[in-house]
Amino acid sequence: MEDTMVQTPGQARRSLPDFATGQAKRLLINGVWVEAGSGETIESVDPATGAPLAPLALAGAADVDLAVAAARRALEGDWGAFRPADRARVLSRLADLIEDRAEEFAAIDAVDMGAPIMTARWMASNAVSTFRYAAGQALTIHGDTIEHSQTRSMFAYSLKEPVGVVGSIIPWNGPLFAAAWKLAPALAAGCTVVLKPAEQAALTPLLLGELCIEAGLPPGTVNVVTGDGVAGAALTEHRGVDKIAFTGSTATGRRVIKGSAGTIKRLTLELGGKSPHIVFADADLDRAAQAAAMGAFALSGQVCAAGTRLYVERDVCDEFTERVARITRSLRVGDPLDDQTVLGPLVSREQFDRVSAYVKTGSEQGASAISGDLPKAQEQFGDGFFVPPTLFTGVTDEMTIAQEEIFGPVLSAIPFDGVDDVLTKANNTPYGLAAGVWTQDVSRALEMTRGLRAGMVFVNNYGASDPAVPFGGYKMSGYGRENGRAAIEAYLETKSVWMEAAS
């Protein structure tokens with residue numbers, strides 16, 4: 001087995017961005033940076049070295065109370081007075097500010113959660129596009145005029161109004177663009193937001209909060225509270241919060257549903273996935289192999305829509321899998337601040353231990369790793385949380401690595417025989433977030449897109465993204481959609497008005 005190319009972070013690493021070091025980061029509440037009421041902090045860690053970065057304020061329930069109250073005042077006050085054109089203008093200004101500091105955002109995400117700098121740059125660009133799209137959408141929100149079906153003396157019309165105060169809880173695997181995906185549609189709809197980033201990677205959401213002030217959002221419109229699950233639970237259960245928008249694991253999503261039930265909050269949930277990536281024998285195998293590798297290993301596999309179950313038509317399975325293996329072995333693993341790095345570390349020691357256990361389980365259950373040498377990576381990277389991209393063959397659908405979401409750079413290759421066989425295999429999962437199909441047969445492609453139980457199907461590509469296209473899944477991958485018009489609508493209430501002429 002060839003070795004994956006590696007570069008060890010060390011003394012030669014470039015200087016860390018200023019925002020990622022130094023004084024403890026505070027909470028943004030009502031337009032002011034404040035310490036947590038308890039005065040406690042938690043440590044942010046550089047996953048490439050295990051070294052501490054800047055401490056973060058540890059918000060508790062009392063801090064969440066203050067943030068929600070500030071959001072309510074803004075909703076009923078200055079922000080509520082903004083007209084659609086005002087909202088569009090401030091969102092466009094925010095997009096410009098992010099673009100001006102895109103390189104800083106990218107560097108912070110590289111050291112805070114381990115995203116390779118080239119990936120982090122894409123995340124920053126995606127955030128800019130998301131806010132610009134939302135700015136345009138803010139001008140298109142409208143209701144309908146409806147003629148009464150039985151009488152001419154009465155008509156009805158509908159109004160679209162903001163759902164209210166939104167609690168947005170985001171994960172650590174893409175903190176900047178995840179924050180943008182939550183904030184942009186909520187603000188376009190006229191809502192106010194309390195944003196709770198993941199404690200493992202909160203630095204870019206805090207910087208985004210700073211730019212929200214600079215862009216001209218009134219105090220309290222966007223509040224950022226850092227902390228652990230205590231803050232998240234307080235936000236989910238809070239009676240002053242009208243909607244929760246959550247991205248994270250399915251297990252945590254269940255807790256969000258339970259926590260929100262007492263107040264019947266509106267919910268948008270983007271949860272886990274175990275997505276099938278399907279390659280037919282007639283596909284462009286070179287392109288498909290590249291997509292199969294990056295569809296599973298991008299961001300070190302820490303992507304909810306990662307194509308981690310690779311189904312290959314039996315006639316080409318061995319040949320194709322070896323192509324993917326060759327690409328996998330060539331991927332440069334190392335310092336996320338290096339422009340040549342393709343895969344960085346996992347976000348935390350906890351995630352490293354979890355993924356390492358899955359790699360061990362795969363081997364114990366009889367699968368064969370034809371790329372990836374975890375012991376060697378541990379020896380090379382020391383205290384960094386690096387797992388090399390690992391491709392397993394000899395996998396069956398019943399194995400743990402083929403059933404459970406790993407959220408790490410682990411790909412399982414499985415042969416199939418024809419459309420019916422692969423649809424049965426692909427849909428045999430509690431998840432339904434994404435799927436990929438490679439074929440030159442248009443009829444087969446259409447049959448597959450109809451048959452796959454997934455919210456997104458990529459045909460002859462994998463992982464494309466655009467702010468105008470809805471993102472979300474079926475089954476236990478959640479409900480509601482990010483992006484597109486559907487995301488804006490999720491932050492709006494519909495009010496019906498019946499109008500009759502006075503007698």
Side-chain angles (χ1 to χ4, degrees), residues 9 13-28 33 41-57 94-131 168 170-184 195-215 222 224-227 247 298-300 302-303 334-348 351 384-386:
R13 297 189 80 203
R14 285 176 285 174
S15 298
L16 301 181
D18 291 341
F19 195 84
T21 59
Q23 294 181 332
K25 306 304 177 186
R26 294 175 290 175
L27 312 175
L28 177 60
W33 294 101
T41 62
I42 50 177
E43 197 67 65
S44 184
V45 174
D46 179 350
T49 64
L53 296 170
L56 306 170
L94 181 54
D96 291 342
L97 292 172
I98 298 169
E99 189 170 49
D100 290 344
R101 299 178 68 172
E103 190 64 19
E104 181 180 2
F105 274 109
I108 294 169
D109 268 348
V111 300
D112 194 25
M113 55 81 55
I117 191 73
M118 66 176 184
T119 304
R121 287 177 182 135
W122 175 87
M123 292 186 203
S125 176
N126 184 278
V128 171
S129 298
T130 298
F131 279 109
S168 297
I170 62 172
W172 42 258
N173 63 321
L176 174 58
F177 84 81
W181 283 19
K182 295 290 188 287
L183 290 180
L195 176 66
K196 194 276 176 188
E199 60 269 31
Q200 296 91 341
L203 294 178
T204 51
L206 288 169
L207 180 55
L208 181 59
E210 186 176 292
L211 297 192
C212 286
I213 299 171
E214 187 176 345
V222 171
V224 185
V225 292
T226 54
T247 297
L299 206 62
S300 295
Q302 299 169 119
V303 178
D335 181 1
L337 283 173
D338 189 287
D339 286 328
Q340 303 305 311
T341 292
V342 178
L343 303 181
L346 301 184
V347 72
S348 65
Q351 189 66 9
F385 310 138
F386 290 86

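The figures that follow rest on heavy atoms only: side chains count, while hydrogens, waters and symmetry mates do not.
- In this structure, Pro205 and Pro197 approach most closely via the heavy-atom pair CB-CG, 3.7 Å.
- Thr130 is not listed as a side-chain neighbour of Leu183, based on a closest heavy-atom distance of 4.5 Å or more.
- The line from CG of Leu195 to CD1 of Ile170 is 4.5 Å long, rounded to the nearest 0.5 Å.
- Minimum heavy-atom separation, Val128 to Glu99: CG2-N, 3.6 Å.
- In terms of modelled atom types and a separation under 3.5 Å, the side chain of Gln302 and the main chain of Val347 share a donor-acceptor contact.
- Environment of CG in Asp100: crowded, with over 12 heavy atoms of neighbouring residues, nucleotides or ligands closer than 6.0 Å.
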key: side chain to side chain contact (heavy atoms under 4.5 Å, CB included) assessment of Cys212 paired with Leu94   = CA-CA 6 Å; Cys212 286; Leu94 181 54; 4.0 Å; yes
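- A distance of 6.0 Å separates CG in Asn126 from CH2 in Trp181, rounded to the nearest 0.5 Å.
- For the pair Ile117 and Asp338, the minimum side-chain heavy-atom distance is 4.5 Å or more.
- One finds the CZ atom of Arg101 at 10.5 Å from the CG atom of Leu208 (value rounded to the nearest 0.5 Å).
- Between Ala20 and Val111, the shortest heavy-atom contact is CB-CG2, 3.8 Å.
- Atoms CD and CG, on Glu214 and Leu97 in that order, are 4.5 Å from each other to the nearest 0.5 Å.
- Closest approach of Leu203 to Ser44, counting heavy atoms only: CD1-OG, 4.3 Å.
- Thr341 places no side-chain N or O within 3.5 Å of a backbone atom of Pro336 that could act as its donor or acceptor partner.
- The closest side-chain heavy-atom distance from Asp339 to Arg121 is below 4.5 Å.
- Between the Ser300 side chain and the Leu343 main chain, no donor and acceptor come within less than 3.5 Å of each other.
- Atoms CD1 and CD, from Ile42 and Gln200 in turn, are 8.0 Å apart once rounded to the nearest 0.5 Å.
- Considering every non-hydrogen atom in both Val222 and Leu28, the closest pair reads O-CD2, 3.7 Å.
- When all heavy atoms of Ala95 and Phe131 are compared, the pair lying nearest together is CB-CB, 3.9 Å.
- Side-chain contact between Arg26 and Leu206 is absent, with no heavy atoms from C-beta onward closer than 4.5 Å.
- Between the side chain of Lys25 and the backbone N or O of Leu207 there is no donor-acceptor pair closer than 3.5 Å.
- Contacts classified as salt bridge (charged side-chain N to carboxylate O under 4.0 Å, His left out) and involving residues 170-183 (residues at least two apart or in different chains) are given here: Lys182-Glu482.
- Proximity of a side-chain donor or acceptor of Asp109 to a complementary backbone N or O of Pro175 within less than 3.5 Å is not detected.
- Residues Thr204 and Asp112 fail the side-chain proximity criterion, which asks for heavy atoms closer than 4.5 Å.
- Inter-residue side-chain proximity for Ile108 and Glu104 is flagged as met; some heavy-atom pair is nearer than 4.5 Å.
- Once rounded to the nearest 0.5 Å, the distance linking CZ of Phe19 with CD of Glu210 reads 5.5 Å.
- Evaluation of the side chain to side chain contact (heavy atoms under 4.5 Å, CB included) rule for Thr119 yields Pro116, Met123, Leu299 as partners, not counting sequence neighbours.
- Remark: Phe385 pairs with no residue by the ring pair (Phe, Tyr, Trp, His ring centres under 6.0 Å) rule, at least two apart or across chains.
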